[in-house]
2 protein chains.
Amino acid sequence: MSTSPIRRETTVADVAAVAKVSKAQAARALGGYGAVSSDVRSRVLKVAEQLGYHPNMLARSMNTGRSHTIGVVVGDIQNPYFSLAMRAISDTAQPAGYDVLLINTGEDVKAEQEAVRVLQDKRVDGYIIAPVLSDDNAHLRAVVDSGRPLVLLDRAVDGLEVDVIATASEQASFEAAQLLLEQGHERIAYISTLKARSDRYGSEKTLGSTPVAQRLGGMRRAFKEAGKEFPASLVRLNAGTDESIHEIVQELLAPPFGATAIMASDSVIALSALEEIANAGLTIPADLSFVMFDDLPWTRLLTPPLTVVSQPVYELGVAVATTLIHRMRGEQFSAEFDFHAQLIRRGSVAAPPHAETIIKRNSVSV
Amino acid sequence: MSTSPIRRETTVADVAAVAKVSKAQAARALGGYGAVSSDVRSRVLKVAEQLGYHPNMLARSMNTGRSHTIGVVVGDIQNPYFSLAMRAISDTAQPAGYDVLLINTGEDVKAEQEAVRVLQDKRVDGYIIAPVLSDDNAHLRAVVDSGRPLVLLDRAVDGLEVDVIATASEQASFEAAQLLLEQGHERIAYISTLKARSDRYGSEKTLGSTPVAQRLGGMRRAFKEAGKEFPASLVRLNAGTDESIHEIVQELLAPPFGATAIMASDSVIALSALEEIANAGLTIPADLSFVMFDDLPWTRLLTPPLTVVSQPVYELGVAVATTLIHRMRGEQFSAEFDFHAQLIRRGSVAAPPHAETIIKRNSVSV
DNA sequence: TTGAAAGCGCTAACAA
DNA sequence: TTGTTAGCGCTTTCAA
C-alpha cells in the first residue's frame, strides 16, 4: 500500500509549507477570499491538488458561523407529500450552496423537540419545519430566539410570527363538500392524521390555522350555504396508523354514523381507507363516495379514478426553500406566494345509495 | 425585548465562569467525559441550564473527529423506493445518535461526485450511497480511501470492496418471466431507469451486479428453460423522464417490437407506463400483461390488481444503516443479510391476445 | 478530582 | 499583496 490507511488529513498548513507561502495566504487561496496574487494562487492550488487537500468545513463553519446546512424536520418522509416537498427543497437548496440535514419525527412532538435541539447544536443556518402541533411552540420559539431563520411548511403555529408557506384550501374544500352535498350526501366524514387532544372534533376547539382547520372551515361553509347541519361527529383526527384508520372507517360506516362519503386528508390515509372499504365489500362510488387530498398519479388509474383535491406540493417546497435562503442571506424578501388547492372532479363521487331524488333523476336521464 | 437579537451564544467558558470552576471541568461536566465530582457536575449543569447553554457540535466534532452525521446519497428521494429506505435509515440511525445529511442526485453522475465531495468536506462519519453507475467509481474509491465507512444500497460497484446491501432478485425475476412464458408470452419487455451508455441492452455488455443485471439474468434463465430466445431488443434502459417512458412504451407496443407484456423496473416507471398504456386504449391483462417491481399499496387497488415483485425495502434500509453504524463504531460485524424479492401473483398477467392455445383452455374452463 | 495550557483547522484582524 | 498573531469553542494532554 502506498498510502497508510490511518493518516491525518492534509491541512492548509501542509499545503502552505509545501507551496512555501504563509498559512494565511494558502488559506486565502484555498478559501477563495482576501487578496492573493495569481502566482501564489496557482501554486497553492496545484500543491493542494497534489496533496489531495479537502477543506474541513467544520473548522470553516466554526469561524464563519455559517454551516451552509439547513435543517428540515418532517413528520414522515415516506409520505409522498413530504418526499415530494423534500425533493423540491433539495433541488432548490443545492444550487444555492446549502445541504440538507433531514430529521423524521414520526409525527411525534417529543421527537420534534429533540430534532430542533440537535439541529441547533449542529448549528444549521436555517430551519424548515412541518410542525406536528400548532399550539405547542416552546421549542420553535427557541429557534426564533436563536436568531436563525425558520420557515414553516404546511402548518402555521399559534403566536409564532415566522414565514409560513402553505396551501389555501378553504375554497377547494368548500367545493368538494358542495359537490358531495349536491349529489345528496349529508353524512360526510373527514379523516386526518392531525394530532389533537381528542380524536373527535369539537367545533368550539381551535385547530389554529392548520390546513385541516381551513378544510373543515370550507366544509362548514358548504353545509351552511346548503342549509344543512355540519356533521362534526364524522370528523376524525389522530389517524396515525393503518389499524387506527381501519377502525375509524369501520366505525364511520356503521349505524350510529353511517357516513355516505369520506374525505381523506392525505394519500396515506386514503390508501388505508380504500383498503378497508374494499374489505367491507363496498363499491365506490355506488355505495360510498370518496375524495382524497393530494393528486397522486395512481389516483387516475383506479376504477373509478379518484376525485381529488390537488395541491402544488413541489412548488410549495421550492417556495419554502427560496424564502429560507433569502432569510439566511439576510436579504429583504417579501414575495407573496399564493398557493391554493384545486378540486379535480373524476369518478369517485356519485349520489349516495338511498338518495331517492338523485336516483330518480339518474333513472330519467339514463 | 428582554433578549437582544444579536447575542453571542453561551459557551463552556461562560458556564465555567459563573459556576466558578475551570473551563476544563465545566467542559467535562457538560460533555459527560473525564472525572468530575458530583458536586461540580450538578453546579455546572444548573448554571448551564440557567444560561441556556447549548454545546457547539461543530467545535466538538472538530476535536473528536466525529460529526455523528451520516451522508446519504440517492437518485430520487421522491421515488417511493428511496423514501421508504430513507425512512428506515432515519429510524435506525437516530436512536444510535446519528443524523442524516441527505443529498439527491437526480440520477446524475456528476451530481453524485459533487455530493460525495460535499459530504467529505463536511466530515460525515459514514456514507450510504445508491450509486447511479456501477462502473464509474473514482469518487467512491476516494471515499473508501478516506477511511470512513461506505455502504452501498441496492447496487454494487465494479471493483469496489465495500458492504453492499441489496435484494436478490434473480429468482423472483425468473419466476415472473416464467409466469409470463407459461401464459404464452414471448415478447416480454423490461424498462429500467438504469443509466447505461446505450438505451438498448446488448447481452454481451456487462451491467455489473446491479439488480437490473440480476433481473435480466433471471429472465434469460426462464427463456432458456422454456427453450425460447430472450428478446434482448425489448430491454430498455435510461428511462428517466415521463416523456422518455411514454416514448419507450409506444415504441415497444408498435409493430417491429410488438411487446405483449411489460415489466417495469420500479413504481415510477410503472406509473408512466400504465398511463401510456391507458392512453393507447389497451386493457390489462386482456391486451397486455404487466408486472411491476416493488409492492406499493395502490397496486392492490387497481382493476385488475397488479402482479408485482415485492422487495423488503424497509428492511433493506434498516440493514444498510445497521451495517454502517457498526462500521463507524469500528466494531466487528459480519451479519449475513439474505434479502430476496418475491413474486406476488395478482391479476395483471394473462394470456396474450393471440395465443390460441391459452385462449382455448380459458374458454373451456370458463 | 482539578486546572493550565496546548491544539483541532480554519478565518480574521492587524501590520508590514 | 503578504505574513503574524489571535482567536472560534471545544477536547485533551499533563501536572498538580
Side-chain angles (χ1 to χ4, degrees), chain A residues 6-45 47-48 51-69 118 120-125 146-147, chain B residues 6-45 47-48 51-69 118 120-125 146-147:
Chain A
I6 311 157
R7 75 168 184 294
R8 211 176 48 85
E9 318 235 17
T10 28
T11 70
V12 205
D14 300 330
V15 176
V18 177
K20 300 209 187 308
V21 293
S22 73
K23 212 177 64 176
Q25 276 311 83
R28 289 194 256 257
L30 262 10
Y33 60 92
V36 186
S37 67
S38 64
D39 176 42
V40 168
R41 187 189 349 270
S42 64
R43 206 167 57 212
V44 168
L45 260 30
V47 172
L51 265 45
Y53 169 80
H54 285 274
N56 183 329
M57 288 308 190
L58 296 176
R60 179 173 293 176
S61 296
M62 231 181 82
N63 285 283
T64 61
R66 326 247 113 253
S67 61
H68 289 280
T69 302
V118 167
Q120 287 188 117
D121 293 355
K122 293 206 170 174
R123 298 296 190 270
V124 297
D125 292 346
S146 77
Chain B
I6 312 157
R7 74 165 184 294
R8 212 176 48 85
E9 318 234 18
T10 21
T11 69
V12 203
D14 300 330
V15 176
V18 176
K20 302 208 186 307
V21 293
S22 74
K23 212 177 63 174
Q25 277 311 83
R28 289 194 256 256
L30 262 10
Y33 58 92
V36 186
S37 66
S38 65
D39 176 44
V40 168
R41 185 188 351 269
S42 65
R43 207 166 59 215
V44 167
L45 260 30
V47 172
L51 266 45
Y53 168 80
H54 284 275
N56 184 328
M57 288 308 191
L58 296 175
R60 181 173 291 176
S61 295
M62 229 181 83
N63 284 286
T64 61
R66 326 246 113 250
S67 61
H68 289 278
T69 302
V118 167
Q120 286 188 118
D121 293 356
K122 293 207 169 172
R123 298 295 189 270
V124 297
D125 292 346
S146 78

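Please read all numbers here as calculations on a predicted model, not as lab measurements. Below, chains carry the letters A, B, ... as their sequence lines are ordered, and counting in each starts from 1.
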Note: for Asn63(A) and Lys20(A) on DNA chain D, the residue whose nearest nucleotide lies more 5' is Lys20(A)

Tell me whether the side-chain N/O atoms of Ser22(B) come closer than 4.0 Å to OP1 or OP2 in dG3(C).
yes

Nearest-0.5 Å distance that lies between atom CG in Asn56(B) and atom OG1 in Thr11(B)
9.5 Å

Rounded off to whole Å, could you give me the NZ-to-C1' distance for the Lys23(B) and dA5(C) pair?
9 Å

Using a heavy-atom cut-off of 4.0 Å to chain B, what are the terminal contacting nucleotides of DNA chain D, in 5' to 3' order?
dG9(D) to dT13(D)

Length of the line joining Asp39(B):CG and dT2(C):C1', which is rounded to integer Å:
12 Å

Separation of atom CG in Leu30(A) from atom P in dT11(C), rounded to whole Å
8 Å

Pick the nucleotide of DNA chain D nearest each of Pro55(B) and Arg28(B); which residue has the one closer to the 5' end?
Pro55(B)

From dT11(C), dC8(C), dG3(C), pick the nucleotide closest to the side chain of Thr64(A)?
dT11(C)

Rounded to whole Å, the CD-P distance (Gln25(A) to dA16(C)) equals 17 Å

Separation of atom NZ in Lys122(B) from atom P in dC10(C), rounded to whole Å
16 Å

Hey, could you give me the CG/OG distance between Asp125(B) and Ser61(B), rounded to the nearest 0.5 Å?
7.5 Å

To the nearest 0.5 Å, how far apart are CE in Met62(A) and CE in Met57(B)?
14.0 Å

Nearest whole Å is fine: how far is dC8(C) C1' from Asn56(A) CG?
8 Å

For the atom pair NZ (Lys23(A)) and CG (Asp14(A)), what is the distance rounded to the nearest 0.5 Å?
11.0 Å

When you measure from the side-chain N and O atoms of Ser61(A) to the phosphate of dC10(C), is any distance below 4.0 Å, counting only OP1 and OP2?
no

How many angstroms lie between atom CZ of Arg123(A) and atom CD of Glu9(B), to the nearest 0.5 angstrom?
4.0 Å

Strictly distance-based, threshold 3.5 Å: is any side-chain N or O of Thr69(A) a donor or acceptor partner for the main-chain N or O of Ser67(A)?
yes

Hey, is the main chain of Ala29(A) close enough, under 3.5 Å, to the side chain of Arg41(A) for a donor-acceptor pair?
no

Closest-nucleotide mapping onto DNA chain C: is Arg123(B) or Ala35(B) further toward the 5' terminus? I mean the 5' end.
Ala35(B)

